[in-house]
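Structure first, then comments.
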Amino acid sequence: MQEEEMKPLIFVIFGASGDLARRKLVPAVYDLFKCKFLPENFALLGVSRSKLTDEDFRNKAFLDNDLHSIDGESEEHKKAFAEKLFYQPIDTNEESEYSKVADRLKELDKQFSTEGNVIFYLSTPPVLYEKIPRFLAAHGLNDAGEGYRRLVIE
């Protein structure tokens, strides 16, 4: 795919502090980044219950991830990718908590000029498959305006 054809986006992973995100999802997104299959204007927002900072998440999910080795990778690539990783702790069972996700998406959209494009990926227990989309809608997060919004259920 030509780079000019790629639309900017924020990739949101619900359940980002879990094993699947660390073992498969974040490493796969890094591989896409490394091979230039992601747009320049891209960010990944991890959302989960664990109380992590952006820096904690970057280390746990990528830089110091004991489930996926990045030894031998270019320091430049690792640093550039890590700078695109962010984290928002919320109680995913509480609708009111999704205002934090909305605020963070606005901030990242402005920082990375993602034109409102968001992909939500649910790496969560099935009990949340009904709640998360409903809570996203309650906060207007399913409305893309000029951009697009997608929901992926694992």
Side-chain angles (χ1 to χ4, degrees), residues 1-3 5-94 97-98 100-102 104-105 107-109 111-112 114-137 141-142 144 147-154:
M1 177 180 279
Q2 297 283 334
E3 187 170 342
E5 295 174 1
M6 291 187 272
K7 294 189 183 281
L9 75 111
I10 301 170
F11 186 64
V12 179
I13 300 174
F14 281 90
S17 65
D19 184 64
L20 181 68
R22 290 178 50 228
R23 183 179 306 274
K24 300 286 185 183
L25 299 177
V26 173
V29 175
Y30 173 66
D31 286 343
L32 292 172
F33 174 81
K34 186 172 63 172
C35 294
K36 301 185 187 290
F37 291 134
L38 292 176
E40 180 67 30
N41 295 8
F42 167 81
L44 186 151
L45 176 63
V47 177
S48 201
R49 294 178 305 211
S50 299
K51 302 295 184 209
L52 302 173
T53 64
D54 290 340
E55 197 62 35
D56 293 337
F57 179 65
R58 289 175 183 138
N59 288 325
K60 180 179 179 177
F62 181 61
L63 295 170
D64 297 327
N65 183 349
D66 58 349
L67 299 175
H68 179 262
S69 175
I70 53 174
D71 293 342
E73 296 287 336
S74 154
E75 289 300 319
E76 181 182 339
H77 277 120
K78 290 190 291 190
K79 182 179 186 283
F81 182 69
E83 290 173 350
K84 294 182 176 285
L85 301 179
F86 300 88
Y87 187 80
Q88 182 60 58
I90 67 167
D91 180 345
T92 48
N93 282 302
E94 293 296 323
E97 293 278 295
Y98 287 72
K100 295 175 186 174
V101 175
R104 200 65 190 274
L105 287 174
E107 174 187 312
L108 292 172
D109 181 57
Q111 181 178 347
F112 289 93
T114 56
E115 301 173 5
N117 300 325
V118 180
I119 296 174
F120 297 103
Y121 189 99
L122 277 55
S123 178
T124 61
V127 69
L128 292 173
Y129 292 172
E130 180 184 332
K131 289 181 180 182
I132 291 174
R134 186 167 16 104
F135 296 161
L136 291 172
L141 294 172
N142 62 331
Y148 65 81
R149 301 288 165 106
R150 303 289 185 269
L151 178 70
V152 178
I153 298 176
E154 176 183 289

Apply salt bridge (charged side-chain N to carboxylate O under 4.0 Å, His left out) to residues E130 and R134 and explain how you reach the verdict.
CA-CA 6 Å; E130 180 184 332; R134 186 167 16 104; 3.6 Å; yes

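How far CG of D91 is from NZ of K100: 8.5 Å, rounded to the nearest 0.5 Å. Taking CD of E94 as the start and CZ of R49 as the end, the distance is 11.5 Å to the nearest 0.5 Å. Rounding to the nearest 0.5 Å gives a distance of 12.5 Å between NZ of K51 and CG of D56. The distance from atom CG of L45 to atom CG of D109, rounded to the nearest 0.5 Å, is 12.0 Å.
Residue A16 comes nearest to G46 through the heavy atom pair CB-CA, 3.3 Å, listed as atom of the first residue, atom of the second, then distance. Nearest approach of P8 to P39, heavy atoms of both residues: CA-CG, 3.9 Å. Across S123 and A21, no two heavy atoms sit closer than the pair OG-N, 4.5 Å. The two residues T124 and F14 come nearest to each other via the heavy atoms CG2-O, 3.5 Å. Closest heavy-atom contact between S17 and L52: CB-CD1, 4.2 Å.
The only member of L136, V101, V12, L9 that meets side chain to side chain contact (heavy atoms under 4.5 Å, CB included) when paired with V118 is V12. Partner of F42 under the side chain to side chain contact (heavy atoms under 4.5 Å, CB included) criterion, chosen from I10, L108, V29: V29.
For D19 and R23, the salt-bridge test passes: some basic side-chain N is under 4.0 Å from an acidic carboxylate O.
Taking the centre of each ring, F112 and F86 come in below the 6.0 Å mark.
In this structure, the salt bridge (Lys or Arg N to Asp or Glu O under 4.0 Å) partners of D31, at least two apart in sequence or on a different chain, are K34. For Y87, the ring-ring contact (aromatic ring centres under 6.0 Å, His included) partners two or more places apart in sequence, or in a different chain, are F57. In this view, E115 satisfies the salt bridge (Lys or Arg N to Asp or Glu O under 4.0 Å) rule with no residue, not counting sequence neighbours.
Considering only heavy atoms from C-beta on, L105 comes within 4.5 Å of F120 through its side chain. Looking at L122 and P133, their side chains come closer than 4.5 Å, going by heavy atoms from C-beta outward. Between I119 and R150 there is a side-chain heavy-atom pair separated by less than 4.5 Å. Proximity of F135 to N93: side-chain heavy atoms (C-beta onward) are nowhere separated by under 4.5 Å.
No more than 12 heavy atoms of other residues, nucleotides or ligands lie within 6.0 Å of NZ in K79, so this atom counts as exposed by the packing criterion.
By the 30° and 60° cut-offs, the orientation of the rings of F33 relative to F81 is tilted.
The backbone N or O of G147 lies less than 3.5 Å from no partner atom in the side chain of N117, so there is not a single donor-acceptor pair. Not a single donor-acceptor pair under 3.5 Å links the side chain of Y30 to the backbone N or O of L25. Remark: the backbone N or O of L141 is paired with a side-chain donor or acceptor of R149 at under 3.5 angstrom.
For the pair R22 and F62, the cation does not sit on the ring face, since its NZ or CZ is not both under 6.0 Å from the ring centre and inside 45° of the axis.
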